[in-house]
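Keep in mind that this is a model prediction, so the values were computed, not measured. Every chain is numbered from 1 and lettered A, B, ... according to where its sequence line falls, protein lines coming before strand lines.
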Amino acid sequence: MTDTKPTKTITWVEEPEIGFWESTFVPAIMKGLKTTLQHVLDRKTVTQQYPEVEPDLPLHYRGVHRLNRDEQDRVKCVACMMCATACPANCITIEAQAAPAEWTDRDKFPKSFVLDELRCIYCGMCEEACPVDAIELTHIYDLTGETRAELMYDREKLLSVYDQTKDNPRDPVRTSRGVLGPSSEFASLPTLGPATGVPNADRSAKAETAGVIRTNGEGPET
Amino acid sequence: MPEILITLLTITVVVGAIPGVCNYLILLERKLSAWMQDRIGPNRVGPMGLFQPVADGIKLLLKEEVIPSHVDRVLFVLAPAISVFTAMMAFAVVPFGPVNDPAAPSFIRFMIAPNVDIGLVFIFAITSLAVYGIVLGGWASNNKYSALGALRASAQVVSYEIPLGMSVLGIVLLSGSLNLEEIMKQQTDGGIMNWNIWFQPLAALMFFTASLAEANRLPFDLAECEQELIGGWHTEYSALKWALFFLGEYTHMITISFLTSILFFGGWSFPFIATPESVYVGAWLVKVLVLMTKAFLFICVIIMLRWTIPRFRFDQLMELAWKVMIPLSLANLVMVMFCRHFEFSRWWLFAGSLGLFAAWGVISSNLRAAEIQARPGFQAKKVKTV
């Protein structure tokens with residue numbers, strides 16, 4: 001290994017030589033003035049008159065949360081604490097209570113569900129973590145309040161956000177209404193590639209999505 | 001009307017008008033910059049934001065006057081006053097209309113102090129005092145950023161005084177007078193072909209550039225650059241004292257624009273509509289408007305420049321003054337002396353100015369190449385392998 005040739009790793013580039021006209025500054029300044037003058041004369045305003053004109057937000061905009069209702073107007077949440085666990089800002093506090101006996105589809109429901117909108121960083125992790133699609137982020141962006149306590153959203157307030165936004169086409173309820181959520185449809189849903197390596201025998205190793213790391217049986221056995 | 005009353009009237013009008021004009025220039029600046037950046041600009045107060053300056057003025061008047069505990073109180077309060085005082089004083093000898101026009105009403109004079117034979121010298125003497133406002137403000141603020149801004153301002157203003165003064169010396173030689181009225185009269189008498197811009201185009205460029213540096217306007221606003229120095233010398237200022245600094249700056253801008261129009265662009269003269277022969281009713285008003293339009297256009301150019309080109313680096317700023325503008329303005333002066341002494345046609349000066357401009361390009365491109373070659377580790381056009 002003595003005859004290794006040096007490989008090209010760094011390319012030094014000297015700054016371009018400056019010519020006669022450039023060094024007088026005048027043509028460059030004229031060019032710049034031409035650009036700005038064109039903008040003055042041919043005005044295409046890109047700003048919006050905000051309070052009068054509401055912005056057209058992208059569909060994946062993440063604003064104030066809501067708690068969805070199911071078809072019987074009950075809160076969809078099953079108080080599994082997944083959102084509170086996933087939350088990087090620790091802004092969700094849930095108190096669970098045993099569900100009434102006639103609610104056959106769940107064990108628990110939230111007795112209190114408090115979300116600190118001031119502490120929230122609007123990352124959408126709660127929405128991703130929720131197994132029953134109960135918590136969702138809406139397009140409401142102009143969240144204001146006069147006190148901190150006002151912005152501690154409790155269960156009723158979050159449900160009222162749902163009532164307020166459920167018919168807005170920009171805030172569709174992202175799963176079929178009435179059904180508790182995709183967690184119950186797990187076996188029939190197409191698999192997603194997991195972030196960790198999986199052995200070939202695993203169901204998720206056959207996922208259609210890109211980026212599946214197959215460990216060829218060398219990984220941890222399942 | 002007695003002389004003293006006319007003087008008082010003129011002073012009252014000018015001192016009353018300038019702050020209002022400055023306020024509206026700030027609105028103009030905000031509007032122009034907004035249009036350049038595809039925005040709308042202030043549009044909430046009044047139609048199209050036209051009352052915004054009034055609202056701003058009221059806000060600045062009513063704001064709390066904060067004097068930080070660590071400042072030198074006397075100098076801190078004195079600095080903005082100096083700034084405004086010098087800017088206003090300089091305007092005293094600037095004619096803003098057809099002085100001595102027999103058709104104009106006798107109680108209007110278009111100049112606070114007429115017949116000042118040292119007009120130009122007076123202006124330069126007073127405006128160079130304006131740097132005291134900046135230096136004292138920066139020093140009294142007792143703050144690192146302010147001190148840095150003040151240091152930069154003093155170095156910059158001292159450097160640019162020289163090309164500023166020397167670039168107009170050519171005009172003084174050509175017209176044989178320091179009196180602004182006399183300089184303007186010689187141009188207006190001869191019509192458009194007698195404007196000094198034809199004989200001194202390079203001097204006009206240098207005068208305009210140097211006066212931008214004098215007024216601390218971009219691209220030469222190193223003294224206050226918001227990004228690095230958080231406002232520089234006026235970091236600690238608020239409310240009315242801050243407003244006074246800006247009043248000074250904008251007054252300076254107005255003075256510069258008037259001076260450029262008067263010295264190089266023929267004052268109130270304009271072909272066909274404003275000549276010494278025009279005798280129609282209201283000709284004096286047209287002349288005033290012509291001069292003001294010229295000045296307004298220069299103000300627009302200054303504002304456009306601010307939002308078009310980036311700030312100079314400090315060494316580039318100094319290089320431009322000492323290595324380019326001072327030698328060139330000296331050469332220009334020698335050229336004018338030569339032309340005057342041997343009584344050549346003035347039009348040779350136009351050709352000579354173009355030649356000097358070419359010299360500017362050659363000098364500075366060579367300087368830049370030499371600077372690049374002198375850098376440690378310079379290798380001409382080679383790919384280095386590691």
Side-chain angles (χ1 to χ4, degrees), chain A residues 1-61 63 139-146, chain B residues 28 31-41 43-44 201-202 205 208-209 212 219 300-310 312 316 319-320 323-325 328 354 356-373 375 377-386:
Chain A
M1 301 293 277
T2 47
D3 58 338
T4 46
K5 286 176 191 167
T7 48
K8 266 196 210 175
T9 52
I10 299 173
T11 310
W12 287 90
V13 182
E14 295 296 340
E15 68 180 69
E17 270 177 34
I18 198 161
F20 168 78
W21 284 110
E22 278 170 288
S23 53
T24 59
F25 300 117
V26 176
I29 290 174
M30 289 300 163
K31 212 173 145 192
L33 280 177
K34 200 182 133 207
T35 307
T36 43
L37 199 64
Q38 271 171 357
H39 279 263
V40 171
L41 298 178
D42 177 27
R43 286 196 350 247
K44 289 190 201 75
T45 311
V46 295
T47 44
Q48 290 169 328
Q49 294 297 298
Y50 163 59
E52 292 90 18
V53 182
E54 299 257 320
D56 206 10
L57 295 169
L59 273 172
H60 57 268
Y61 185 83
H139 272 81
I140 299 177
Y141 55 89
D142 47 356
L143 175 73
T144 49
E146 287 177 2
Chain B
L28 176 76
K31 276 282 184 192
L32 266 179
S33 66
W35 293 338
M36 277 179 217
Q37 297 162 358
D38 292 343
R39 293 184 286 113
I40 295 175
N43 64 346
R44 294 283 154 174
L202 185 67
L205 185 66
F208 192 65
T209 317
L212 284 187
C300 285
V301 171
I302 294 175
I303 292 174
M304 295 274 293
L305 276 175
R306 167 166 179 188
W307 298 95
T308 302
I309 45 180
F312 272 69
Q316 291 169 338
E319 205 164 81
L320 184 65
K323 292 184 182 169
V324 178
M325 282 175 46
L328 278 187
L354 291 186
L356 283 181
F357 183 74
W360 172 352
V362 172
I363 292 173
S364 48
S365 59
N366 283 326
L367 276 176
R368 182 59 49 81
E371 191 253 322
I372 291 174
Q373 279 164 23
R375 284 179 194 168
F378 173 79
Q379 283 187 316
K381 299 271 173 200
K382 242 199 273 177
V383 174
K384 200 174 180 181
T385 53
V386 178

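The stretch residues 23-42 of chain A participates, sequence neighbours left out, in these salt bridge (charged side-chain N to carboxylate O under 4.0 Å, His left out) pairs: Asp42(A)-Lys44(A).
Heavy atoms of Leu41(A) lying under 4.5 Å from chain B are absent altogether. Both the backbone and the side chain of Ile40(B) come within less than 4.5 Å of a heavy atom in chain A. For Ala358(B), the parts lying under 4.5 angstrom from a heavy atom of chain A are both the backbone and the side chain. Interface remark: Leu305(B) contributes backbone and side-chain atoms alike to the contact with chain A (heavy atom separation under 4.5 Å). Within the 4.5 angstrom heavy-atom criterion, atoms from both the backbone and the side chain of Leu32(B) approach chain A. At a 4.5 Å heavy-atom cutoff, Asn366(B) makes no contact with chain A through either its backbone or its side chain.
Here Glu52(A) pairs with Arg44(B) under the salt bridge (Lys or Arg N to Asp or Glu O under 4.0 Å) rule; sequence neighbours left out.
Chain B forms more heavy-atom pairs under 4.5 Å with one residue of Thr35(A), Val40(A), Leu37(A) than with any other, namely Val40(A). For the set Val26(A), Thr36(A), Thr47(A), the entry with the most heavy-atom pairs within less than 4.5 Å of chain B is Thr36(A).
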Working for side-chain contact (heavy atoms from CB on, under 4.5 Å), residues Tyr141(A) and Glu54(A): CA-CA 10 Å; Tyr141(A) 55 89; Glu54(A) 299 257 320; 2.9 Å; yes

Test log, rule side-chain contact (heavy atoms from CB on, under 4.5 Å), inputs Tyr50(A) and Asp142(A): CA-CA 11 Å; Tyr50(A) 163 59; Asp142(A) 47 356; 3.7 Å; yes

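With rounding to the nearest 0.5 Å, the separation of OG1 in Thr209(B) from CG in Leu320(B) is 7.0 Å.
Of the N and O atoms on the side chains of Asp56(A) and Gln48(A), not one donor lies less than 3.5 Å from an acceptor on the other residue.
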